[in-house]
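One structure below.
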Amino acid sequence: MPLRFYNSLSHQVEPFEPLTPGRASLYTCGPTVYNYAHIGNFRAYMFEDLLRRTLKFCGYDVKQVMNLTDVDDKTIRNSIQAGKPLRDYTQLYKDAFFEDLQALRIEKAEVYPAATDHVPEMIALIQTLMEKGIAYVGDDNSVYFSIARFPAYGQLARINRDEMRSGVRIKNDEYAKESAADFALWKAWDEGDGDVKWDSPWGPGRPGWHIECSAMAMKYLGPSFDLHTGGIDNLFPHHEDEIAQSEAATGQKFVKYWLHCAHLMVEGQKMSKSLGNFHTLREVFAKGYSGREVRWVLMATHYRQSLDFSFQSCLNARTALQRVDGLVARIRNEILPLSSADKAGVKIRLDEALAEFAAGLEDDLNISAALAALFNLVRDVNRMLDAGELAGPPADQVLAALRRMDSVLGTLDIDKAADGVPADIQALAEERQAVRKAKNFARADEIRKELTAKGWTVEDTPAGPRCKRLA
RNA sequence: GGCGGGGUAGCCAAGUGGUAAGGCAGAGGUCUGCAAAACCUCUAUUCGUCGGUUCGAAUCCGAUCCCCGCCUCCA
């Protein structure tokens, strides 16, 4: 089966057929850098990482662009409050964002354009819309997109303008618009913006939010590209408006496949800054959970399924990962050359597991199916090890298969050196092994207690004692 | 009100017509000096509820209850 995705535009799963065979162009809506991102935000970036890695797994050359929104109401407001220039203020959170991505083992995109570096491109795009008569200058000197002059508006969100709830919210600036649903392309400067402003044909001001993604996506990926993603909350109005701006300007199809991930929930409610029910990655780490554990939690539920976050799920991730770690350690430590190894049989089993793994991912990133393939393989390889049916070279093939899976999962640590065992711990383990051989089990148990007190445990394996740090 | 997503074991979660994957937790067993790990067995006659279609439905149709999201900045 070919790679296929659920397209928000068609509400159907469709085969992925990129505009250029073998290449995938991907625009992923990035963070607004006014604060630390919370793990709900990272769920989206995690989904995008899974998408990116799956595309690569399936053989595509991926070009991914992720924007950094470094000018908007919140960045301006917070930087003024902090008494810092906008650029310095946002740099802080840009840096934090990249640190967090790295902690979650999220692969870097090819381009991370910042909005403030692309104002000329945005002005040019707005000018095109003005020339086409689709944009207009409002009474407040801001520039607005006229939805009435773009009949295709609403194609993504399936929103019928006539049925939009109206009259409920009339903000001040809406008196400046022809229609309440029109959205700002360019926001005229006012005192609240401090010294944050750019010159434009319509006077000083700053770009609207939606225009940034259109301008930067088209700059780096062209007027028409393959995939555009984000959280489901961006579907409307953000993505709808992006389509409107871009397609009105170019007359071309903007994006072929729109993918949206569901929300991360906390106790049944969406995690969000405004509800105050969020955790930053840093907070989760402070509670003792690792990046790979959080990565696992965020990744292990299908992206279109809302995911209720809990620390219990982090603990579950820990034990699930320990299961895989255990197998890798067995292969590395216990493998002995045995004559009964069935090389061909192992190869067949591995090919089957990889095929199931790939089939899951190809089916709209069905991670549950992919992980089931992984765990079924783990069980079978453990079984082979127990039966003495796995020897050196086929064991290397197992590691190769796990490595291949990990090119997508990014969390298995196949080749990460095990935690170094401190000399004193190692010495105790060896002493214990010696007294066990002498059948001095009282002393052996004493040593086990000493090790526990030092935060270590020891497992007796056919290849000798193995020290493990207690979680 | 409009649009969209979801209700599957103690928990998480696949499965869109053919008789319920996988993970966590739990029980018993094998192995072990003890343990851990690993393996084996068991743990939903049942998929929110009620009807209908069908030889057959968690899967299709109708009705109904509940939860969540978007429609306002939001991943």
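Chain A is the first sequence line, chain B the second, and so forth, proteins listed ahead of strands; every chain is numbered from 1.
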| query | What one-letter contact string describes nucleotides 5-10 of chain B from 5' to 3', where B marks a base within less than 4.0 Å of any protein heavy atom, S marks contact via sugar-phosphate atoms alone, and - marks no contact? | reply | S-----
| Looking only at atom P, what distance separates U54(B) and U59(B), rounded to whole Å? | 16 Å
| query | Do the rings of Phe16(A) and Phe5(A) sit parallel, tilted or perpendicular, given the 30° and 60° boundaries? | reply | perpendicular
| Can you list the residues that meet the side chain to side chain contact (heavy atoms under 4.5 Å, CB included) rule with Ala438(A), with sequence neighbours excluded? | none
| message | Using atom P in both nucleotides, what's the gap between G18(B) and G23(B) to the nearest angstrom? | response | 24 Å
| Does Lys108(A) count as lying over the ring of Phe98(A), i.e. NZ or CZ under 6.0 Å from the six-ring centre, within 45 degrees of the axis? | yes
| Using a cut-off of 4.0 Å on non-hydrogen atoms, how would the nucleic acid contact of His238(A) be classed: base, sugar-phosphate, or nothing? | nothing
| said: Suppose we screen for side chain to side chain donor-acceptor pair (under 3.5 Å). Which residues come up paired with Asn382(A), at least two apart in sequence or across chains? | reply: Arg330(A)
Please list, for nucleotides 39-44 of chain B, all pairs of protein and nucleotide N/O atoms separated by less than 3.5 Å.
residue	atom	partner	partner atom	Å
C39(B)	OP1	Arg323(A)	NH2	3.2
C39(B)	OP2	Arg323(A)	NH1	3.2
C39(B)	O4'	Asp386(A)	OD2	2.9
C40(B)	OP1	Arg383(A)	NE	3.0
C40(B)	OP1	Arg383(A)	NH2	2.1

| Residues that Arg443(A) engages under salt bridge (Lys or Arg N to Asp or Glu O under 4.0 Å), provided they are two or more places apart | Glu431(A), Glu446(A), Glu450(A)
| request: Using whole Å, report how far CD of Gln312(A) lies from P of A25(B). | output: 9 Å
| Who are the side chain to side chain contact (heavy atoms under 4.5 Å, CB included) partners of Val284(A), not counting sequence neighbours? | Ile39(A), His279(A), Tyr289(A), Val294(A), Phe309(A), Phe311(A)
| query | What nucleic acid atoms does Arg432(A) come within less than 4.0 Å of, heavy atoms only: base, sugar-phosphate, or nothing? | reply | base
Anything under 3.5 Å between a protein N or O and an N or O of nucleotides 15-19 of chain B, put it in a table, one pair a line.
residue	atom	partner	partner atom	Å
G15(B)	OP1	Asn366(A)	ND2	3.1

| query | Which of residues 287-294 of chain A sit near RNA chain B, with a heavy atom under 4.0 Å from it? | reply | none
| Counterpart residues, side chain to side chain contact (heavy atoms under 4.5 Å, CB included), relative to Gln12(A) (two or more places apart) | Ser10(A)
| task | Output all residues satisfying salt bridge (Lys or Arg N to Asp or Glu O under 4.0 Å) with Glu107(A), sequence neighbours left out; order by chain, then residue number. | result | Arg52(A), Arg53(A), Lys56(A)
| Would you say the side-chain atoms of Asp72(A) and Thr75(A) include a donor-acceptor pair closer than 3.5 Å? | yes
| C68(B) C1' sits how many Å from His260(A) NE2, rounded? | 18 Å
| query | Counting just side-chain N and O atoms, does Lys437(A) come under 4.0 Å of either OP1 or OP2 of G33(B)? | reply | no
| Quiz item: Arg448(A) side-chain donor-acceptor pair to A35(B) base, under 3.5 Å | yes
| Looking for any heavy atom pair under 4.0 Å, which part of the strands does Met271(A) touch: base, sugar-phosphate only, or nothing? | base
| Listed partners of Arg448(A) passing salt bridge (Lys or Arg N to Asp or Glu O under 4.0 Å), at least two apart | none
| message | Under 4.0 Å, heavy atoms only, any strand: does Ser313(A) hit a base, just the sugar-phosphate, or nothing? | response | nothing
| field | Partner set under salt bridge (Lys or Arg N to Asp or Glu O under 4.0 Å) for Arg304(A), not counting sequence neighbours | value | Asp364(A)
